[in-house]
Structures are given as C-alpha cells and as structure tokens.
Amino acid sequence: MNFETHIGTDITKAAAYLNSNEIVAIPTETVYGLAANALNELAVSNVFAAKKRPLYNPLIVHIKDVSEVEKYATDVPELAYQLFETFSPGPLTIILPKKDIVPDITTAGKNDVALRIPNHPFSLSLLQMLDFPLAAPSANPFGYISPTCADHVYKQLKGKIPYILDGGPCKSGLESTVIAFRENKAYLHRLGALGIGELKKIIPDISFETKDDKAPVSPGMLKQHYSPNTILLQCDHIDQLLFEQRDKKIGIISFKNSYPIDADKLVVLSPSGDLNEAASKLYAALHYMDALDIDLILVEFMPEEGIGSAMNDRLERAASKFIK
Ligand code: TXA
Ligand code: MG
C-alpha cells in the first residue's frame, strides 16, 4: 500500500491509526518500533509486509505494565516477574509460553510470546489509550540498521506507513536484551541495552545462547543482520588499514579516538569514553556513514564491558556478510 507518511507528536492520532489496524512507527528507549495491534492478524500482517520481514521471524509484544503479563503468557516463572519488576519499563524482553489470545502470525507459529514494557512516555501513554498490546519489530527494512530517530524511520519506510510518532532520539540506542526460560532456567537470547552485569545481579548463572547461528532460536541472532549497504569492517589496527587502503574512500567510527581523515568522514562516538553515550549514537553513526559516498566503513572494537559487548555483537553481525 502507498501512504503519505506524516511525522508528528500526536498520540491520539497514532492511537486512531492503530485502532483501524494501520501501523505506526513509535519511539521507545531502545530503537523505534513498527507498531500494530498484536491481537489482530491483519494489522500484524501489515507489519511483516511493510518491513519485508520473513514470516518465520516472531514479533515482540509490547505491554503497558507487568499486570498484563498473564493476559498473554502462561506458566510465568517467579524469576521472570522478578526481572520485569526490577528492569521494567526498560530494555528487557522475556519469552514465555503464549496464551491463545495471541495470534500465531505474531509469534511466527511459535508457542511462545516475547513480552516487553517499553520505557518511553509516548509509547506508554499510547499503550494506556489502547485496549490491545502492540506488536513492534524495529522500524527498519529487514536486515538493515535499526532506526534511533524519526528521520531514520522516514528515510527507510516513507510511503509504507501513515504515521511516525516522533519521540526524539532513542536514549539507549540498542535493541532490548532478550531472555527465555527453559525448565525454569534463564537463557540470554540476544545481548542488548540491558547489560549482562545488571542481569547477573538477579540471575548469577544465566546461560548464553547468542552465538549459535546454525539454528538461531531468535532471528536477531542471525549471523548477518543490522547491516549497512556500504562494506563495514570492525578492526583493531585502523591506522594501518588507513594506510593500506589509501586508494579507497574511507569512513571511520571510533569509540573515543581521533584519526587523521576529513572531519566529515569520522564519527567519534564518545570523546569522553562513555559507553552508554557511544551506544546511543552507534546506529545514527552507521546511518550517517551509509549515506556518504565512501567505499568502506572502518569501526573500532568497543571495550568488552557493559553495553560494549552488545555493541560488538551488533557490529560483528553488521560486518559479517563481508567476512568469509
Ligand atoms: O528494543 C527492541 O526490542 C525493539 C523495540 C522496538 O522494542 N524491538 C526489536 O524487535 O528489536 P525485532 O523484531 O527487531 O527483534 C526482536 C527479536 C528478534 O530477534 C525475534 O526473532 C525475537 O526478538 N523474538 C520475538 N519473539 C520471539 C519468540 N516468540 N521466540 C523467540 N524469539 C523471539
Ligand atoms: Mg530488528
């Protein structure tokens, strides 16, 4: 379908579209989501179509508060409640056995549903106004970089959706951390904005299931994902590569270092070395670089601590189509 896409801050208008089974891009604290009534098959199928997302890839269902968990999920372990109560609203998604009210298309035929309470005043107000939860994947075409401001969404999806609810730039800038339970044990499905250190305060023995790309449980774990169109390399010796590749037009994304190239081809994510600031700017830097006329994007490895691990995870996937 072809729409004239508007950007605005009118939550009532966003609710009206959602009530008519249309899709609306919404701000969250992580990335912008492409939202629709999670309980309506037609609305959800519009999301898959707008995003060109394969139907085997389930959507996260966004709810307004923890009291809604048992409307959509069953057999909820005590630990899941503890996690929601500690980290929600926030960048935490928990996969739980689903109730029949959630249609199969939303969960891609799985018997589990992924639930999250987003931490953004606009999304929370919107959820308060609606009498259904919102299925929302990141608001990017499948496989491309997630959007962290309304303008990213507009550039990628204009004409495909009627409305973008503009809640400003996303605070954390990386997708939520995804957790699942099997036999009451917690597994990490996707590294994300909620750091492992934080999680371990509640679940010291959490197991990792994030690098298995042969049979990914969660398609966000696909080896190639989150990719710009320009070739991207994550590397340690950028100075050396700059020299070796001097016949190429190169852009650099660094954590806090500067490099001897044109200022418009260098993004220093956080000159003061603050990883959270760096994470919030990472996707915007990738969008920016991808729009430049360059041959190659070089990105530093981030420190493997806090949100740095999730940033490296995304960058590895963004790069991996070019590294065999
Ligand atoms: O921060 C976020 O999580 C953002 C905002 C908009 O909430 N959403 C997001 O959605 O990143 P998406 O669709 O791009 O990524 C959701 C991930 C995918 O890897 C998906 O496969 C996984 O969660 N997922 C969703 N439901 C699942 C389920 N029932 N079982 C296993 N994995 C699931
Ligand atoms: Mg996504």
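A quick note: this is a predicted structure, and the numbers were derived from the prediction, not measured.
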Taking [Y]'s backbone N and O only, do any of them form a donor-acceptor pair with [X]'s side chain (distance below 3.5 Å, no angle check)?
{"X": "Ser125", "Y": "Pro121", "answer": "yes"}
{"X": "Asp313", "Y": "Ser309", "answer": "no"}
{"X": "Arg116", "Y": "Gly90", "answer": "yes"}
{"X": "Arg182", "Y": "Ala186", "answer": "no"}
{"X": "His120", "Y": "Gly167", "answer": "yes"}
{"X": "Lys51", "Y": "Ser138", "answer": "yes"}
{"X": "Asn312", "Y": "Phe301", "answer": "no"}

N-O pairing of Lys98 and Asp104 below 4.0 Å: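 A salt bridge is present here (some side-chain N lies under 4.0 Å from a carboxylate O).
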Working for side chain to side chain donor-acceptor pair (under 3.5 Å), residues Ser172 and Glu29: CA-CA 6 Å; Ser172 56; Glu29 80 283 28; 5.8 Å; no
Are more than 12 heavy atoms, taken from residues, nucleotides or ligands other than [X], located less than 6.0 Å from that residue's [atom1] atom?
{"X": "Asp100", "atom1": "CG", "result": "no"}
{"X": "Asp247", "atom1": "CG", "result": "yes"}
{"X": "Glu4", "atom1": "CD", "result": "no"}
{"X": "Lys155", "atom1": "NZ", "result": "no"}
{"X": "Lys185", "atom1": "NZ", "result": "yes"}
{"X": "Asn184", "atom1": "CG", "result": "no"}

With rounding to the nearest 0.5 Å, note down the distance linking [atom1] in [X] to [atom2] in [Y].
{"X": "Leu34", "Y": "Ile23", "atom1": "CG", "atom2": "CD1", "value": "4.5 Å"}
{"X": "Phe132", "Y": "Lys71", "atom1": "CZ", "atom2": "NZ", "value": "12.0 Å"}
{"X": "Ile7", "Y": "Ile164", "atom1": "CD1", "atom2": "CD1", "value": "4.5 Å"}
{"X": "His189", "Y": "Ile94", "atom1": "NE2", "atom2": "CD1", "value": "12.0 Å"}
{"X": "Leu96", "Y": "Thr74", "atom1": "CG", "atom2": "OG1", "value": "9.0 Å"}
{"X": "Asn21", "Y": "Glu41", "atom1": "CG", "atom2": "CD", "value": "11.0 Å"}

side-chain contact (heavy atoms from CB on, under 4.5 Å) evaluation trace for Thr28 with Asn119: CA-CA 6 Å; Thr28 81; Asn119 191 12; over 6 Å; no
Joint hydrophobic cluster, [X] plus [Y], side-chain heavy atoms closer than 4.5 Å:
{"X": "Phe208", "Y": "Phe181", "result": "yes"}
{"X": "Ile101", "Y": "Leu130", "result": "yes"}
{"X": "Leu18", "Y": "Phe122", "result": "yes"}
{"X": "Ile60", "Y": "Val66", "result": "no"}
{"X": "Tyr81", "Y": "Ile203", "result": "yes"}

Establish, from distance only, whether the side-chain atoms of [X] and [Y] form a donor-acceptor pair under 3.5 Å.
{"X": "Glu78", "Y": "Gln82", "answer": "no"}
{"X": "Asp290", "Y": "Thr230", "answer": "yes"}
{"X": "Glu300", "Y": "Tyr259", "answer": "yes"}
{"X": "Ser176", "Y": "Thr93", "answer": "yes"}

Which pairs of donor and acceptor atoms, one on a side chain in residues 271-286, lie under 3.5 Å apart (sequence neighbours left out)?
unit_1, atom_1, unit_2, atom_2, d
Ser272, OG, Ser270, OG, 3.4
Asp274, OD1, Asn276, N, 2.9
Asp274, OD1, Glu277, N, 3.2
Glu277, OE1, Ser270, OG, 2.6
Glu277, OE2, Lys281, NZ, 2.7
Ser280, OG, Glu277, O, 2.7
Tyr283, OH, Glu175, OE1, 2.7
Tyr283, OH, Glu175, OE2, 3.2
Tyr283, OH, Arg314, NE, 3.4

Heavy-atom pair of closest approach, residues [X] and [Y]:
{"X": "Ala136", "Y": "Ala35", "answer": "CB-CA, 3.9 Å"}
{"X": "Leu115", "Y": "Ala73", "answer": "CD1-CB, 3.9 Å"}
{"X": "Ile117", "Y": "Lys64", "answer": "CG2-O, 3.5 Å"}
{"X": "Met289", "Y": "Ile294", "answer": "O-CD1, 3.7 Å"}
{"X": "Ala43", "Y": "Asn40", "answer": "N-OD1, 2.9 Å"}
{"X": "Val76", "Y": "Glu70", "answer": "CG2-CG, 4.0 Å"}

Aromatic ring pairing Tyr144/His287, orientation class (parallel under 30°, perpendicular over 60°, tilted between):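 Plane angle over 60°, so perpendicular.
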Do [X] and [Y] have side chains that get closer than 4.5 Å, going by heavy atoms?
{"X": "Leu134", "Y": "Leu126", "result": "yes"}
{"X": "Tyr32", "Y": "His152", "result": "no"}
{"X": "Pro27", "Y": "Ser123", "result": "yes"}
{"X": "Phe255", "Y": "Met311", "result": "no"}
{"X": "Asp151", "Y": "Asp166", "result": "no"}
{"X": "Tyr154", "Y": "Thr5", "result": "yes"}
{"X": "Tyr72", "Y": "Leu39", "result": "yes"}
{"X": "Val113", "Y": "Ile95", "result": "no"}

Glu22/Lys160 under salt bridge (Lys or Arg N to Asp or Glu O under 4.0 Å): CA gap, chis, key distance, verdict: CA-CA 11 Å; Glu22 305 272 18; Lys160 299 215 158 46; over 6 Å; no
Pair Leu292-Ile297, side-chain contact (heavy atoms from CB on, under 4.5 Å): steps then yes or no: CA-CA 10 Å; Leu292 292 180; Ile297 307 169; over 6 Å; no
Evaluation steps, side-chain contact (heavy atoms from CB on, under 4.5 Å), between Val44 and Leu59: CA-CA 9 Å; Val44 173; Leu59 307 182; 3.7 Å; yes
Residue pair Leu165, Ile11: steps toward the side-chain contact (heavy atoms from CB on, under 4.5 Å) verdict: CA-CA 7 Å; Leu165 185 60; Ile11 300 175; 4.2 Å; yes
